[in-house]
Amino acid sequence: MPELPEAERARRQIERVLGREIVSVDDTDSYVCRPHAPGEIAAAITGRTLTEAHRRGKFLWVETSDGGPDLGLHLGMAGSIVLDGHRAPNGWDRFALEFAGGGRMALRDKRRLGRAVIEPDFSHIGPDAGEVTAKEFRDRVGRGSAPIKAKLLDQGAIAGVGNLLADEVLWQAKVSPQAIAGEISRPRLNRLYEQLQASIADAIAKGGVHTGVVIPARKGSGTCPRCDAPMTRATIGGRTTWWCPRCQR
DNA sequence: AGCATTGTTTCACA
DNA sequence: TTGTGAAACAATGC
């Protein structure tokens, strides 16, 4: 379920296990832990403690004690951080730490597209969508010939917006996902920016991107919750996109 | 059976 | 060179 709000939730989970000594590491999933060989991450962080949990967009990283390397984590398409729970019965724990005293932190991920890595590289990731300024937003997102939805999803432009959040923000701001990013007027870009901030704050407060207004329209009647017109569906920016052709221009 | 999926990276092409 | 878009990746659910 992870987009920015879920990643922030995960970060707060990690904060609860800071300061505990890591006594063992399960890094045996060589796909999730690529390009590291099994045992490599374990060797780098066993015996240390996690000291600070950070997030930029959907990317998480945790500092480690005694000059140890950062531990990078990504939830992928279906991951979550599980604390002190019993081991997933179906083998869905793709990476895990065990702490002195018996605690545990796992990356639980059915799809296996999540990631655990040492010293993550964020050089090609844009500023966090919840912290970007209006000017930065206009400069990075409001340009180019790609449709605005594709720009919102581009983690190199701004980081954190996923498919559901993009649809929600565009619907709230009454902007068509097909609008060419570079052709959107400054007032409309500003409105989109303000709505993005509001939707992010709202989703974090309510517990996830699922709490948006337009998301249920995907499965339910297929009509716009605001004007009742039939919603349109198409692939934009490589993802299934729903929007109201009457409200959104 | 077949298709879609809340994400990212890589590669082909203009 | 830069920007854009499609495919690949893994595994599950409808």
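The analysis underlying the following values was restricted to heavy atoms, covering all of them including side chains, and did not include hydrogens, waters or symmetry mates. Naming: A, B, ... by sequence-line order, numbering from 1 per chain.
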Fill in the blank from the handout: Here the distance between atom C1' of B/dT5 and atom CG of A/Leu75, to the nearest Å, is 16 Å
Exercise for the section: May I have the distance from A/Arg34 (atom CZ) to B/dT9 (atom C1'), rounded to whole angstrom? Expected result: 8 Å
Report all interatomic pairs (protein N or O, nucleotide N or O of nucleotides 8-10 of chain C) with separations under 3.5 Å.
from: C/dA10; atom 1: O3'; to: A/Arg112; atom 2: NH1; distance (Å): 3.1
from: C/dA10; atom 1: N3; to: A/Arg111; atom 2: O; distance (Å): 3.4

Problem - Ion pair A/Glu131/A/Arg55, N-O distance below 4.0 Å - result: no
Practice task
With P as the reference atom in both, quote the distance from B/dT9 to C/dT12 in angstrom, rounded to an integer.
Solution key: 23 Å
Exercise for the section: Send over the distance from A/Glu6 CD to B/dT5 P, rounded to a whole Å. Expected result: 17 Å
Fill in the blank from the handout: Atom CG of A/Leu4 and atom C1' of B/dT6 are separated, to the nearest Å, by 13 Å
Handout entry: Nearest-Å distance once atom P is located in both B/dT6 and C/dT4
Key = 22 Å
Problem - Nearest-Å distance for atom pair CD1/P, residues A/Ile158 and B/dT8 - result: 12 Å
Handout entry: Residues A/Lys149, A/Asp167: salt bridge by 4.0 Å N-O rule
Key = yes
Problem - OP1 or OP2 of C/dA11 under 4.0 Å from side-chain N/O of A/Lys110 - result: no
Practice task
Drop me the distance from A/Asp27's CG to A/Leu71's CG, to the nearest 0.5 angstrom.
Solution key: 10.0 Å
Exercise for the section: Please work out if A/Gly162 contacts a base, only the sugar-phosphate, or nothing of the nucleic acid, heavy-atom cut-off 4.0 Å. Expected result: sugar-phosphate
Handout entry: Parallel, tilted or perpendicular: rings of A/Phe59 and A/Phe122 (30°, 60°)
Key = perpendicular
Handout entry: Test: A/Arg104 and A/Asp93 ion pair at under 4.0 Å
Key = yes
Problem - Side chain of A/Pro147 - closest among B/dT6, C/dG5, B/dT8 - result: C/dG5
Practice task
Please determine if a side-chain N or O atom of A/Ser145 lies less than 4.0 Å away from the OP1 or OP2 oxygen of C/dG3.
Solution key: no
Problem - Euclidean distance, atom CZ of residue A/Arg140 to atom P of C/dG3 [Å, nearest integer] - result: 11 Å
Handout entry: Interatomic distance, A/Leu107 CG vs B/dT8 P [rounded to whole Å]
Key = 14 Å
Practice task
Answer yes or no: does a side-chain N or O of A/Trp92 lie under 4.0 Å from OP1 or OP2 of C/dA11?
Solution key: no
Exercise for the section: Report the base-pairing partner of B/dA4 (Watson-Crick or G-U wobble, both distances below 3.5 angstrom), or none. Expected result: C/dT12
Practice task
Start with the C-alpha distance between A/Val169 and A/Val161, add both sets of side-chain angles, then the distance that settles side-chain contact (heavy atoms from CB on, under 4.5 Å), and finish with yes or no.
Solution key: CA-CA 10 Å; A/Val169 170; A/Val161 180; 5.9 Å; no
Practice task
Using only side-chain N and O atoms of A/His74, determine if any of them is under 4.0 Å from OP1 or OP2 of B/dG7.
Solution key: no
Handout entry: Rounded distance (nearest 0.5 Å) linking atom CZ of A/Arg188 with atom CG of A/Leu192
Key = 9.0 Å
Practice task
Could you tell me whether A/Arg11 and A/Asp128 have a side-chain N and a carboxylate O separated by less than 4.0 Å?
Solution key: no
Problem - Rounded distance (Å) that lies between atom P of B/dT9 and atom CZ of A/Phe122 - result: 10 Å
Handout entry: Nucleotide opposite C/dA7 in a Watson-Crick or G-U pair, distances under 3.5 Å
Key = B/dT9
Exercise for the section: Can you figure out which of C/dA11, B/dT8, B/dG7 approaches the side chain of A/Gln155 most closely? Expected result: B/dT8
Problem - Phosphate OP1/OP2 of C/dT4 contacted by A/Lys151 side-chain N/O (<4.0 Å) - result: yes
